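All values below were derived from every heavy atom in this structure, side-chain atoms included, with hydrogens, water molecules and symmetry-related copies excluded. First the proteins, then the strands, lettered A, B, ... as listed; each starts at 1. What you are looking at is a predicted structure, and each value in this text was computed from that prediction instead of being measured.
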Amino acid sequence: MDLTGLNAPQREAVTTLHGPLLVLSGAGSGKTRVITYKVASLIFDHGVSPYRIMALTFTNKAAREMADRIERLIRLPVRGLLVGTFHSICARLLRIEKVMGGNFTIYDTDDQKKIIKGVLDDLNLSDSRSFSPGDVAGRISGLKNRLITPERFDLQIGNVFDEQFASIYRRYEMKKRKSNGMDFDDLLIEALEMITKNDLLRDKYQEKVQYLLVDEYQDTNRVQYELVRQLSNKHRNITVVGDDDQSIYSWRGADLRNILEFEKAFPDAKTVRLEQNYRSTATILDAANAVISRNKARKPKTLWTEGERGDKLEVHYLYNDLEEAREVTRRIRTRGPKSTVIFYRTNAQSRTLEDELRNAGIPYVIVGGLRFYERKEIKDVLAYLRLLVNPADEVSLARIINLPKRGIGDKAYASLCEFAARLQIGPFEALSRLEEALEFTARERTAFSVFHNLCLALSAQRQETDLVSFVQFVAEQSGYLKYLEESEEEQAGERLDNVSEFINAVGEYVERNDSPTLESFLQEVALLTDMDAVKNDTGEQVTLMTLHAGKGLEFDYVFITGMEDGLFPISRAEEEGGLEEERRLFYVGITRARKWAMLTHAATRRRFGTTTSAFPSPFLDELPEHCIRRIDRTGGSTSFALRDKPAAAPLFNEVRENRQAMPSYEHFSQEDGLLRNGMKVQHPIWGKGTVVMVSGLADNMKATIKFQNDAVKKVMVKYAKLEIVGG
DNA sequence: GCTTAATAGGCGCCT
DNA sequence: CCTATTAAGC
Ligand SMILES: Nc1ncnc2c1ncn2[C@@H]1O[C@H](COP(=O)(O)OP(=O)(O)OP(=O)(O)O)[C@@H](O)[C@H]1O
């Protein structure tokens, strides 16, 4: 195969076939390309069967792209190659090996919270402030990522709180199991158990996986590490690529030690470093390198480019979030929407941007936030399908037993569950033994049996038709479509459209797969994010997403919005290492850009419906001045008056140090860097004026200026870009 | 059991 | 600001 698309170290990584290999390198250095070429070369040059190669990516989209690119490199369709995310590949193995019958339901965060809510109710902890379903879910996931089972947790109980939590955790696991369901963490854990506890299966998969390749290795967690070890244990041909500076998922259990200590875990490992960046301009790289070099916990690396210097990045200081959105929109209008991304730290920030883009008639697509498959109407239809595949699924049953309304309210459902518990069966199974129950009212009994007959009818139809017609049949016969049609709700029309779109998606799935089944469709869908539907940078539309979602992508033009202290870095990131992770996130953001980037700060922003003000992000001070142009459009007084309030003290000591280290501003030419009363200055917006008062020190220096039109403004010297025109 | 109105509470990132 | 949940009324 033609390896001329690779530089020397890349080629070395690709041609190192045997043993453990680590590629640890900075952004845009061609790590993903190494994996792609290596897989292609293994198949094409070395005759390795695609069935013997497993490649793990971070998103489904990355997996699909990789598979496409491999086929293009080989110029042949490839069958049997295992490319996917850890979660999707694990789900697939578990289904194939019929773990939990193979028809398990994958519970997303929403389902998970419902189970936990039920548990809290059972344990009378619902109104305990210490336990909210979301918190509990997060804590449970944290434990599971570290392979701490309820039994193991029991051993480390230290107080009453732990004890209560332990019983929640235990009961959650029990309920989930009763429903034949798995949460996201279970997919990895169960797959790991499967290959560690079952000798036959271990041999099978260790033998099968002749080559294992992992992208974005810096964001793998403990369980994923164990999986990697197990799967590569026989052939030991393991290639991992990653960048410790781009590790941004520690809150989800990602453990940097996996990549930093790879050589310890695999002592015979070879390490390759890629140092040439093929993505960004020199200016972008300078800026990114300067920022990331402030982190202490990292492996230093070199990153250079042969590319041109490119334009300076721009840092805009704006009055509020609306102005920010307008400024971004204005830039996009002149340049066009092609290959442009707008990043933000939190999903809630997208709305203002969206509104402005819509007003300006600029096409855009939002990635993240509410996933398509998380919409209510989609989850409703999915619940019917899940229940038919897995009748033990109590979350789905509870969701649709009275949707549309069938006269089975909370009370009736509760008494069904009680009856079921007495028989030690699930509530769905109980529906087929109604005659044994004495407690139901005549009305309830009829309602139950009508619902039960409906399910039987739907189930019977499943064998009769193809998948698409079946899903259509379910949507109709369940009465759900009718319910939407008759709904008075404003969004009812949109919901109906979404259901049709969902049915189209079933069609696409059927076309894409050799042996489509409802089971595999449901499991695939549970792991899809709407990242996966995003066109690769080609479309004539702007992409909006969080910085986290940007990992691994590239765009010509990058906008990073919301550069405010408390928002980015986010104020909650105060725990150990939190600031460094925020900085890595900033690094990831900047390095997505090929040509140019613009960063915006809004002095005030609407949050929770009220206006809040914030200091500029300390990260803005970490950018070398020769890489950037600062533009202040706050209009002087208003926003910076707010800065006088002591409310928002800098969050991090480290930040404060950085600030002091950074007082060089190009428009600020006086040797001692001080303005004096009576000086004549030029302000970019307000024009010429005379300094009447100076207050504050260093970065907090403020000048009160009387302008020629007699307006008196107080401005932050640091940002106002004052030019001294006479003393 | 169902509908409507009031209000609590949320926003950190995601498989 | 938005949505999701709860209380009150039918
Ligand atoms: N040897 C090469 N010659 C030319 N272009 C290359 C080479 N290697 C990679 N590229 C290009 O550089 C860009 C970045 O490559 P790639 O995505 O593989 O890097 P990466 O290290 O995985 O990046 P990141 O870690 O930032 O996601 C891509 O556009 C890719 O096509």
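Rounded to an integer number of Å, the gap from A:F58 CZ to B:dC13 P is 15 Å. If you measure from atom CG of A:D219 to atom C1' of B:dC13, you get 11 Å, rounded to the nearest angstrom. One interatomic measurement links the two molecules: CZ of A:F343 to P of B:dC14, which rounds to 12 Å at whole-angstrom precision. Rounded to whole angstrom, the span from the CG atom of A:L567 across to the P atom of B:dG10 amounts to 18 Å. Look at OH on A:Y249: it is 11 Å from C1' on B:dG12, rounded to the nearest Å. In this entry the distance linking CD of A:E354 with P of C:dC1 reads 17 Å, nearest Å. When the P atom of B:dT15 is taken as reference, atom CD of A:Q112 falls 14 Å away, rounded to whole Å. In this structure, CG of A:L187 is placed 13 Å from P of B:dT15, rounded to the nearest angstrom.
Between the C1' atoms of B:dC11 and C:dT6, the separation comes to 22 Å (whole Å). C:dT5 sits 23 Å from B:dG12 when the C1' atoms are compared, rounded to a whole Å. Comparing the P positions of C:dA4 and B:dC13 gives an interatomic distance of 15 Å, to the nearest angstrom.
Electrostatic pairing of A:R495 and A:D380 does not count as a salt bridge here, judged by no charged N lying under 4.0 Å from a carboxylate O. Salt-bridge check for A:R351 with A:E354: failed, with every basic side-chain N at 4.0 Å or more from each acidic carboxylate O. With respect to the salt-bridge test (charged N to carboxylate O, under 4.0 angstrom), the residues A:R298 and A:D245 qualify. Under a 4.0 Å N-O distance rule, the pair A:R358/A:D355 qualifies as a salt bridge. The pair A:K482-A:E485 does not meet the salt-bridge criterion, since no charged nitrogen lies less than 4.0 angstrom from a carboxylate oxygen. Ion pairing between A:E226 and A:R222 holds under the 4.0 Å rule for side-chain N and carboxylate O.
When heavy atoms are screened at a 4.0 angstrom cut-off, A:A526 is found touching no nucleic acid atom at all. In this structure, A:F86 reaches neither bases nor backbone, as no heavy-atom distance under 4.0 Å exists between it and the strands shown. If you check every strand for non-hydrogen atoms under 4.0 Å, A:D185 touches nothing. Heavy atoms of A:G609 sit under 4.0 angstrom from at least one base atom. Using a 4.0 Å heavy-atom distance criterion, A:T109 is classed as a base contact. At a threshold of 4.0 angstrom between heavy atoms, the contacts of A:N60 with the nucleic acid are absent.
Taking every side-chain heavy atom of A:H87 into account, B:dT15 is the closest of C:dC2, B:dC14, B:dT15. Of the candidate nucleotides B:dC2, B:dT15, B:dG12, B:dC2 has the atom nearest to the side chain of A:N402. Checking B:dG1, B:dC14, B:dG12 against every side-chain atom of A:T346, the shortest atom distance belongs to B:dG12. The side chain of A:K405 lies closest to B:dT3, out of B:dT15, B:dT3, B:dC11. Minimum atom distance to the side chain of A:R606 is reached by C:dC1, of the listed C:dC1, B:dG1, B:dT15. Comparing B:dC14, B:dG10, B:dG12 by their nearest atom to the side chain of A:F608 picks out B:dG10. Nearest nucleotide to the side chain of A:K411, out of B:dG1, B:dT3, C:dC2: B:dG1. The side chain of A:A348 lies closest to B:dC11, out of B:dC11, B:dG12, B:dT15. For A:R345, counting side-chain heavy atoms from C-beta on, the closest listed nucleotide (B:dT15, B:dC13, B:dC2) is B:dC13. For A:F184, whose side chain is taken as the heavy atoms from C-beta onward, the closest listed nucleotide among B:dC11, B:dT15, B:dG12 is B:dT15.
Within the cation-pi definition used here (under 6.0 Å to the ring centroid, within 45° of the axis), A:K551 qualifies as a partner of A:F58.
Aromatic stacking is marked for A:W251 over B:dC13, as both cut-offs hold: 5.5 Å for the centres and 30° for the planes.
Side-chain nitrogen and oxygen atoms of A:T546 include at least one within less than 4.0 Å of the OP1 or OP2 phosphate oxygen of B:dC14. Dashed line: the shortest gap from a side-chain N or O of A:N347 to OP1 or OP2 of B:dC13 is under 4.0 Å.
To the nearest 0.5 Å, the span separating OH on A:Y205 from CD1 on A:I195 amounts to 9.5 Å. Here the CG-CG distance, from A:D244 to A:N258, works out to 12.5 Å after rounding to the nearest 0.5 Å.
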task = Go ahead and write out DNA chain B as dot-bracket, 5' to 3': ( ) for pairs within the strand, [ ] for ones crossing earlier pairs, | when the partner sits on another strand, dots for unpaired; Watson-Crick or G-U wobble, both distances under 3.5 Å.
result = ||||||||||.....
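Comparing A:R607 and A:I408, the nucleotide of DNA chain B nearest to each residue sits closer to the 5' end for A:I408. Between A:E444 and A:R371, the one whose closest nucleotide on DNA chain B sits nearer the 5' end is A:E444.
In this structure, A:Y480 has its ring center under 6.0 Å from that of A:Y483.
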